[in-house]
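Both backbone and side-chain heavy atoms feed into the values below; hydrogens, waters and symmetry mates do not. Given the structure is predicted, the values throughout are model-derived calculations rather than measurements. A, B, ... follow the sequence lines: proteins, then strands. Residue 1 opens every chain.
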4 protein chains.
Amino acid sequence: MAKAKKDSASYEDRRRQLLRAATVVFARGGYLGSRVGDIAREAGLSYGLVYHYFENKEAILNALFQENWGLVLKVVTDVHAQGGTLRHKLEVIAGFLVEAWRQQPDLVEVVMLEVVRSPKFLEKANLAAFLELLAGLEAIFAHHKTTGEVRDDVDPKLAAILLLGQLEVLLTGFVARQFLNSDDPTLLDRSRDAVVSVMLGGVAVPSST
Amino acid sequence: MAKAKKDSASYEDRRRQLLRAATVVFARGGYLGSRVGDIAREAGLSYGLVYHYFENKEAILNALFQENWGLVLKVVTDVHAQGGTLRHKLEVIAGFLVEAWRQQPDLVEVVMLEVVRSPKFLEKANLAAFLELLAGLEAIFAHHKTTGEVRDDVDPKLAAILLLGQLEVLLTGFVARQFLNSDDPTLLDRSRDAVVSVMLGGVAVPSST
Amino acid sequence: MAKAKKDSASYEDRRRQLLRAATVVFARGGYLGSRVGDIAREAGLSYGLVYHYFENKEAILNALFQENWGLVLKVVTDVHAQGGTLRHKLEVIAGFLVEAWRQQPDLVEVVMLEVVRSPKFLEKANLAAFLELLAGLEAIFAHHKTTGEVRDDVDPKLAAILLLGQLEVLLTGFVARQFLNSDDPTLLDRSRDAVVSVMLGGVAVPSST
Amino acid sequence: MAKAKKDSASYEDRRRQLLRAATVVFARGGYLGSRVGDIAREAGLSYGLVYHYFENKEAILNALFQENWGLVLKVVTDVHAQGGTLRHKLEVIAGFLVEAWRQQPDLVEVVMLEVVRSPKFLEKANLAAFLELLAGLEAIFAHHKTTGEVRDDVDPKLAAILLLGQLEVLLTGFVARQFLNSDDPTLLDRSRDAVVSVMLGGVAVPSST
DNA sequence: CATGAATGAGTTTTCATTCAT
DNA sequence: TATGAATGAAAACTCATTCAT
């Protein structure tokens with residue numbers, strides 16, 4: 001029994017191990033630029049073993065997306081359901097992503113960039129998940145137009161898109177790799193605050209708008 | 001003379017032809033996901049000919065970046081040099097990119113996404129060009145802090161990054177391909193205005209900030 | 001253990017198999033004139049497998065050289081260290097090469113001709129090995145000047161070079177392929193003797209020199 | 001008329017120019033390792049022009065061989081016909097080749113090595129020319145057995161082969177490229193003398209043989 | 001489960017040769 | 001003649017995937 005339990009635990013462990021390795025490898029070289037063997041080596045396993053846990057290379061990427069994108073979506077959905085000000089909701093959403101990046105920068109980068117930007121993205125079930133997130137953000141902005149917190153002339157969908165763009169540029173690609181990896185420990189929090197602040201009030205002094 | 005002129009023009013023409021084809025192909029399938037043969041077929045030429053005009057596949061991508069990124073940089077530099085309000089500058093910059101996308105969406109997408117987001121980006125001369133643009137935007141925000149148009153607590157570099165993120169998400173990847181390609185001919189202009197508007201005043205109603 | 005041993009032996013076996021096939025193929029068509037696929041077919045394996053055992057095509061040639069040139073060098077070094085007459089040493093050296101050719105004519109040809117005569121030879125570590133052999137032969141001739149067996153006016157280095165030339169022409173290229181492959185089983189031995197004989201006493205009758 | 005003459009002269013000139021360039025290029029990188037374009041560039045011409053003067057790449061190599069091998073063959077034939085001692089004949093033959101190398105090292109190297117050692121050598125008319133030279137040398141040694149200058153136990157064909165090997169190793173490949181290209185202006189002559197000397201009397205002191 | 005040998009389709013790149021100008 | 005654009009066969013090399021052990 002102990003053995004069986006250990007084995008089944010081992011199965012999940014191995015799978016996690018491979019996903020973690022894939023995250024590192026994909027973040028480093030991109031999906032197409034990475035080899036299955038790279039992932040196995042990063043995990044300290046043989047590359048043949050990868051096919052015991054995943055159908056193929058693409059399934060690894062999909063697993064990474066599907067097992068993590070839902071978390072983001074849940075945060076958006078939940079924070080909206082729980083109510084509160086727009087500022088609060090933006091703070092929670094941006095805070096979650098920034099914190100996620102702090103914990104697992106590679107994972108955030110891969111999920112946000114590698115999947116979303118993949119040329120095959122549109123052909124996949126992932127598209128629906130991405131649209132769901134967008135819709136979630138859009139719903140928030142739309143709702144707060146009714147509360148008077150958001151200006152009438154704001155297009156909720158555009159606002160959602162622009163918010164996503166800010167978070168994406170911040171947490172993926174060059175900026176995250178170089179800019180955020182600085183010595184300044186407050187930089188990440190200031191960046192998060194900047195996103196919220198820009199979304200809410202832009203950069204202009206109140207009277208000059 | 002006419003002949004010589006025609007010949008040398010022909011050389012440039014063919015090169016342009018290949019770059020245009022590469023733009024289409026890279027936009028469709030990504031750099032790594034595209035074959036040199038695809039570019040040639042798109043151009044209606046043989047794949048061997050590609051190597052008369054470019055050292056290798058990567059040189060095509062670099063040419064696309066280097067011959068176009070400078071244009072964006074020039075717009076940022078010039079508009080800042082010519083003075084005016086921050087709003088004006090943001091309108092010009094966002095307007096230029098939106099117009100560029102309208103004219104050549106594939107080119108904008110490839111240059112902004114395929115090169116800048118490439119994992120090999122950091123190893124290349126391209127990095128310097130990217131940093132230059134970021135510095136140009138940063139200079140604008142920094143300057144307008146001295147004019148009182150930008151709040152004191154705004155980090156110019158972060159503002160530059162977030163602006164870039166908004167433009168990038170809008171003009172590349174999924175959003176541009178699906179959202180902007182709608183029937184609504186005003187959408188593109190409204191998107192541009194939204195970027196300027198969010199950067200300047202966010203989405204909140206003035207008093208509620 | 002048996003399994004592990006078998007496996008590791010299998011790895012070496014396959015590698016040998018490929019080297020043997022490469023020897024045949026290179027001897028037939030030259031290094032540049034042979035395709036990796038030819039080697040694989042000669043070995044009865046797929047060409048992809050070649051790259052499991054060797055970095056690339058050139059590495060195969062280098063392996064052939066490095067794993068065999070040392071044997072020749074050892075014979076020269078050892079026979080000199082063990083002392084004896086110059087005649088004896090030349091007989092051993094020439095005898096070794098002739099015997100090697102008898103056993104594996106392709107291998108001798110490839111190592112002596114394909115590597116040594118390659119235009120890229122000078123750029124490689126192989127050069128040092130070649131010079132070592134030349135130095136070994138030179139040392140022998142130099143030594144036997146001190147014993148009085150070699151004339152004072154003989155340049156040891158030149159003698160070494162000329163000896164090498166005789167052996168090379170005999171065992172490589174056209175001569176070996178056509179002349180030595182005759183019905184006469186004594187031809188090979190007579191050739192070896194001729195090299196020794198010419199080096200020692202030339203072809204002239206003693207008094208007529 | 002002047003024009004026509006100039007043109008026809010120009011044709012031969014161009015052909016020579018290309019052959020000279022091909023010699024340099026083939027000596028540097030080998031036949032298979034050289035490109036038609038390399039030859040054209042070395043000659044300062046366009047590569048398309050090469051095909052006005054030669055059927056194809058191989059025809060260039062054959063022209064080099066056929067237009068020069070005959071010279072060597074003629075020297076051997078003539079010196080034998082004119083009579084004299086074996087020493088004299090060897091001196092003339094070796095002297096001719098050494099002098100040829102001094103004048104045009106690349107040409108000697110290409111003709112002796114690139115053609116003779118080519119894997120396709122056997123399939124070609126060149127084989128006959130090579131065998132003719134060998135026969136010529138063999139005839140000399142055979143003849144001087146009848147004059148008593150050559151020992152009875154000497155195999156004329158083997159002697160011819162070994163002589164060829166000495167000359168070949170000396171004037172081609174590594175030795176010529178590195179050893180003979182030294183500062184010592186007497187080295188070349190001493191090498192020639194060494195070949196003659198070794199062929200005639202070997203290296204041993206007369207009594208010790 | 002685990003390993004890595006084996007396969008071969010797929011890609012990049014090279015380059016001899018042709019041919020329109 | 002002279003040029004070099006154009007072609008495409010050919011070759012090196014990669015790597016996802018399979019499968020025997």
With a 4.5 Å cut-off on side-chain heavy atoms, are [Y] and [X] touching?
| X | Y | value |
| --- | --- | --- |
| B:L64 | B:V115 | no |
| B:Y31 | B:K57 | yes |
| B:R117 | A:L113 | yes |

Gap between atoms [atom1] and [atom2], on [X] and [N] respectively (whole Å):
| X | N | atom1 | atom2 | value |
| --- | --- | --- | --- | --- |
| D:I39 | E:dT17 | CD1 | C1' | 13 Å |
| C:Y47 | E:dA6 | OH | C1' | 12 Å |
| B:R41 | E:dT12 | CZ | P | 11 Å |
| B:L18 | F:dA5 | CG | C1' | 12 Å |
| D:N56 | E:dT17 | CG | C1' | 9 Å |
| B:H52 | E:dT17 | NE2 | P | 15 Å |
| C:L49 | F:dT14 | CG | P | 14 Å |
| A:R15 | E:dC1 | CZ | P | 13 Å |

Run through DNA chain E and report every stem of 3 or more consecutive Watson-Crick or G-U pairs, distances under 3.5 Å, ordered by first number.
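Stems (3+ consecutive pairs) listed as E:2-21 with F:2-21.
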Within 6.0 angstrom of B:E55 CD, more than 12 heavy atoms from elsewhere:
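No, the 6.0 Å shell around CD holds no more than 12 heavy atoms from other groups.
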With D:Q17, the side-chain hydrogen bond (donor to acceptor under 3.5 Å, both in side chains) member among D:R14, D:R20, D:R15
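Between D:Q17 and the candidates, side-chain hydrogen bond (donor to acceptor under 3.5 Å, both in side chains) is satisfied uniquely by D:R14.
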Identify the heavy atoms of A:A27 and A:V110 that sit nearest to each other, and give their distance.
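Shortest heavy-atom separation between A:A27 and A:V110 comes out as N-CG2, 3.4 Å.
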Look at the side-chain N and O atoms of C:Y53 and state whether any lies under 4.0 Å from the OP1 or OP2 oxygen of E:dA6.
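It does, given that an N or O in the side chain of C:Y53 lies less than 4.0 Å from OP1 or OP2 of E:dA6.
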Below 4.0 Å: OP1/OP2 of E:dT13 and any side-chain N or O of B:Y51:
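Yes, because at least one side-chain N or O of B:Y51 sits under 4.0 Å from OP1 or OP2 of E:dT13.
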Let me know, please, whether A:G48 or D:E55 comes out on the 5' side of the other along DNA chain E by nearest nucleotide.
A:G48
5′-ward residue of the pair C:K57/B:S46 relative to DNA chain F:
B:S46
Residue among D:L19, D:L18, D:L45, D:I60 satisfying side chain to side chain contact (heavy atoms under 4.5 Å, CB included) with D:Y53:
D:L18
CA sep, side-chain torsions, deciding dist, call: B:F54, B:N62, side-chain contact (heavy atoms from CB on, under 4.5 Å)
CA-CA 10 Å; B:F54 299 95; B:N62 283 333; over 6 Å; no
Is the closest basic N to carboxylate O distance between B:D38 and B:R41 below 4.0 Å?
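B:R41 and B:D38: salt-bridged.
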Candidate nucleotides E:dC1, E:dA6, E:dT18, ranked by approach to the side chain of A:Y11 - the nearest
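Closest of the options to the side chain of A:Y11: E:dC1.
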Scan residues 19-36 of chain D against DNA chain F and write down, sorted by residue number, each residue with any heavy atom closer than 4.0 Å; if none is found, say none.
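Residues of residues 19-36 of chain D that come under 4.0 Å of DNA chain F do not exist, since none gets that close.
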